[in-house]
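One-based numbering, in listed order, for ligands and for the atoms of each.
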Amino acid sequence: MIRIEDKSRCCGCTACHAVCPHDAIVMKEDSLGFRYPETDMTRCTECGLCEKVCDFIVEKPAEEHDEALVVRAVRHKDSESLSKSQSGGAFTALSDVVLKNGGVIYGAAFNTDFTVSHARACTPEERNAFRGSKYVQSDMGDVFRNVRKDLKAGLQVLFTGTPCQCAGLKSYIPDSLQNGLVLMDFVCHGVPSPAVWSDYIEYVAKGRKMTVADFRDKSVNGWKVHKESFVFEGGKKECRETYKVLFYKNIMLRPSCASCPYDIYHRESDVTVADFWGIGERIPEWDTDEGTSMLLCNSSKGKSIWTAAMDDVHSRPVLLTKEFMATKNPNMLHPARLYHESGDFAKAYEERGFGYVARRWGDMGWRYKAWQLKVFLRKIFGKI
Ligand SMILES: Cc1cc2nc3c(=O)[nH]c(=O)nc-3n(C[C@H](O)[C@H](O)[C@H](O)COP(=O)(O)OP(=O)(O)OC[C@H]3O[C@@H](n4cnc5c(N)ncnc54)[C@H](O)[C@@H]3O)c2cc1C
Ligand code: SF4
Ligand code: SF4
Ligand code: SF4
């Protein structure tokens with residue numbers, strides 16, 4: 001039976017919750033809003049299925065890196081799809097293939113209160129809600145069981161999510177149903193705290209009705225500049241950076257992200273997508289603010305869905321060296337390192353709330369302004 005004693009050993013994928021034949025496992029939130037399995041011993045028969053399905057703790061063989069890797073630079077031909085997607089719209093092209101096959105798509109969407117959950121889509125309109133990166137851990141609910149029902153009914157399913165969600169689902173789905181399942185993950189920096197995100201939404205709204213939230217709004221300063229934006233009833237739009245500052249500090253990530261076994265070179269999902277950082281060094285004429293996806297086909301299933309999607313996109317093969325990956329997109333090779341004050345952050349958040357941590361570690365207090373001044377002076381006078 002599952003018992004979480006070390007939070008860094010559980011990514012919250014929900015495979016154990018889904019597999020339990022007695023519904024003995026519920027996913028319970030901690031103070032940062034991350035969900036962990038909790039077992040009801042009055043229901044548990046100690047059958048061991050939950051431990052068997054957990055892929056996160058399985059020791060993975062040591063990796064051998066090749067010196068270079070061929071990937072695809074991808075950009076959707078339809079300008080509307082490109083502008084609404086986080087990078088180059090690879091997800092839209094791949095998911096259109098599955099929808100045309102009569103299949104279904106699972107992905108992360110906003111709820112009405114701007115929390116983020118995984119949901120199911122059968123049409124392009126429903127699928128469009130999954131576009132855009134939501135930099136927070138999504139609530140999986142009972143999605144794993146629903147995917148299994150769809151596969152059992154003979155539908156093709158494209159599941160999109162973090163590498164750990166994909167690995168958890170792959171481990172949960174029986175071999176007899178794997179054929180219909182296509183997994184698309186992304187190069188993953190880690191997932192931030194759902195509780196901090198919800199508090200931030202409340203702080204930003206200040207009682208106003210929010211109609212749109214965007215974690216990284218391309219329409220503000222283009223693909224390369226990360227700005228979050230919010231629209232309120234009446235149409236007023238505000239852009240901010242507080243959440244971004246906390247995200248990139250690696251101070252509010254799920255503890256498991258620092259020991260992630262999936263931020264590696266050889267990936268288990270059928271397709272992997274990413275922002276193609278550094279594209280200008282490989283294809284200079286693609287170095288624009290519209291956005292470019294990087295796409296990796298990791299299996300024959302991945303290759304066949306990509307082949308069917310190719311007509312909808314501009315694409316070019318690109319050779320990446322290990323050094324290029326390490327500098328431009330390090331999570332292709334290894335997990336993020338948690339900020340050394342992550343523990344202090346979690347404690348302070350629990351005891352003193354969002355306002356305090358945003359001032360102490362975000363961009364709202366004097367420390368951030370002092371740091372900005374130091375960076376500015378360093379640019380002018382060199383090391384100070
Ligand atoms: C938490 C997070 C961390 C990331 N870290 C990196 C990184 O370090 N380097 C990098 O190159 N790219 C990273 N990405 C991926 C990148 O931001 C783009 O999502 C990717 O390039 C796909 O672009 P697109 O235009 O094809 O997708 P879009 O059309 O924008 O579609 C977004 C896809 O991401 C899925 N998704 C969005 N939010 C979540 C979520 N919270 N949980 C699970 N699935 C989600 C959706 O279901 C959809 O399939 C990250 C994404 C997320 C959500
Ligand atoms: S990693 Fe997934 S399967 Fe393993 S304990 Fe956590 S939620 Fe359960
Ligand atoms: S041991 Fe079996 S019954 Fe108990 S929680 Fe795990 S899957 Fe459920
Ligand atoms: S970094 Fe790893 S553990 Fe964290 S969300 Fe991404 S895939 Fe999951």
Side-chain angles (χ1 to χ4, degrees), residues 1-30 32-60 108 116 118 133-145 159-173 183-194 197 247-248 250-269 272-274 329-339 342:
M1 154 256 321
I2 293 274
R3 183 179 291 129
I4 306 298
E5 275 154 9
D6 174 358
K7 284 185 171 176
S8 72
R9 310 239 322 141
C10 170
C11 63
C13 70
T14 73
C16 54
H17 158 77
V19 84
C20 178
H22 302 290
D23 288 332
I25 299 180
V26 285
M27 300 298 292
K28 282 243 171 94
E29 282 181 17
D30 71 359
L32 286 167
F34 293 121
R35 294 173 184 82
Y36 293 88
E38 228 177 77
T39 307
D40 176 352
M41 289 314 294
T42 62
R43 286 170 171 257
C44 174
T45 58
E46 302 199 26
C47 67
L49 283 176
C50 51
E51 283 164 276
K52 230 168 111 191
V53 82
C54 181
D55 186 73
F56 195 80
I57 50 169
V58 174
E59 210 60 47
K60 312 281 185 290
V116 174
H118 257 65
S133 294
K134 289 99 187 167
Y135 294 117
V136 66
Q137 186 161 36
S138 65
D139 181 358
M140 200 50 69
D142 267 329
V143 156
F144 277 21
R145 286 180 178 174
F159 176 88
T160 65
T162 61
C164 60
Q165 289 167 341
C166 290
L169 181 62
K170 191 173 179 177
S171 175
Y172 164 67
I173 296 297
L183 296 167
M184 184 199 98
D185 67 5
F186 42 79
V187 172
C188 187
H189 185 76
V191 280
S193 151
W197 170 247
F247 178 38
Y248 287 131
N250 295 350
I251 202 166
M252 57 169 179
L253 298 181
R254 189 171 174 110
S256 56
C257 296
S259 52
C260 177
Y262 309 114
D263 274 341
I264 50 172
Y265 191 83
H266 297 107
R267 292 174 170 264
E268 285 197 36
S269 291
T272 299
V273 292
N329 213 338
N331 300 125
M332 291 184 82
L333 299 175
H334 60 75
R337 282 178 198 91
L338 291 192
Y339 189 62
S342 297

Tell me whether ligand 2 is touched by G12 - counting only heavy atoms on the residue side and a distance under 4.0 Å. yes
Aromatic plane relationship, F144 with F159 - under 30° parallel, 30 to 60° tilted, over 60° perpendicular: perpendicular
Which bit of I57 gets closer than 4.0 Å to ligand 2, counting heavy atoms only: side chain, backbone, both or neither? neither
Compute whether any side-chain donor of one residue and acceptor of the other, for S269 and D185, lie under 3.5 angstrom apart. yes
Would you confirm whether [X], through its side chain, and [Y], through its main-chain N or O, come within 3.5 Å as a donor-acceptor pair?
X	Y	value
S171	V53	yes
E51	G48	no
T162	Q165	yes
R43	H22	yes
S8	P255	no
R254	C10	yes
R145	A18	yes
S193	M252	no

Could you list which atoms of ligand 2 come closer than 4.0 Å to a heavy atom of [X]?
X	answer
T14	2 (Fe), 7 (S)
C10	1 (S), 5 (S), 6 (Fe), 7 (S)
F56	1 (S)

Quick one: give me the number of protein N/O/S atoms under 2.8 Å from atom 6 (Fe) of ligand 3. 1
Can you tell me which residue and heavy atom of the protein come closest to [atom], and the distance to 0.1 Å?
atom	value
atom 5 (S) of ligand 4	V191 CG2, 3.5 Å
atom 6 (Fe) of ligand 4	C188 SG, 2.4 Å
atom 4 (Fe) of ligand 2	C54 SG, 2.4 Å
atom 8 (Fe) of ligand 4	C164 SG, 2.3 Å

List ligand 4 atoms under 4.0 Å from P163, heavy atoms only on the residue side. 7 (S)
Which atoms of ligand 4 sit under 4.0 Å from any heavy atom of D263? 1 (S)
For P335, is the nearest heavy atom under 4.0 Å from an atom of ligand 4? no
Where the closest heavy atom to atom 2 (Fe) of ligand 2 is concerned, which of C11, C13, P37 has it? C13
Can the ring centres of H189 and F247 be said to be less than 6.0 Å apart? yes
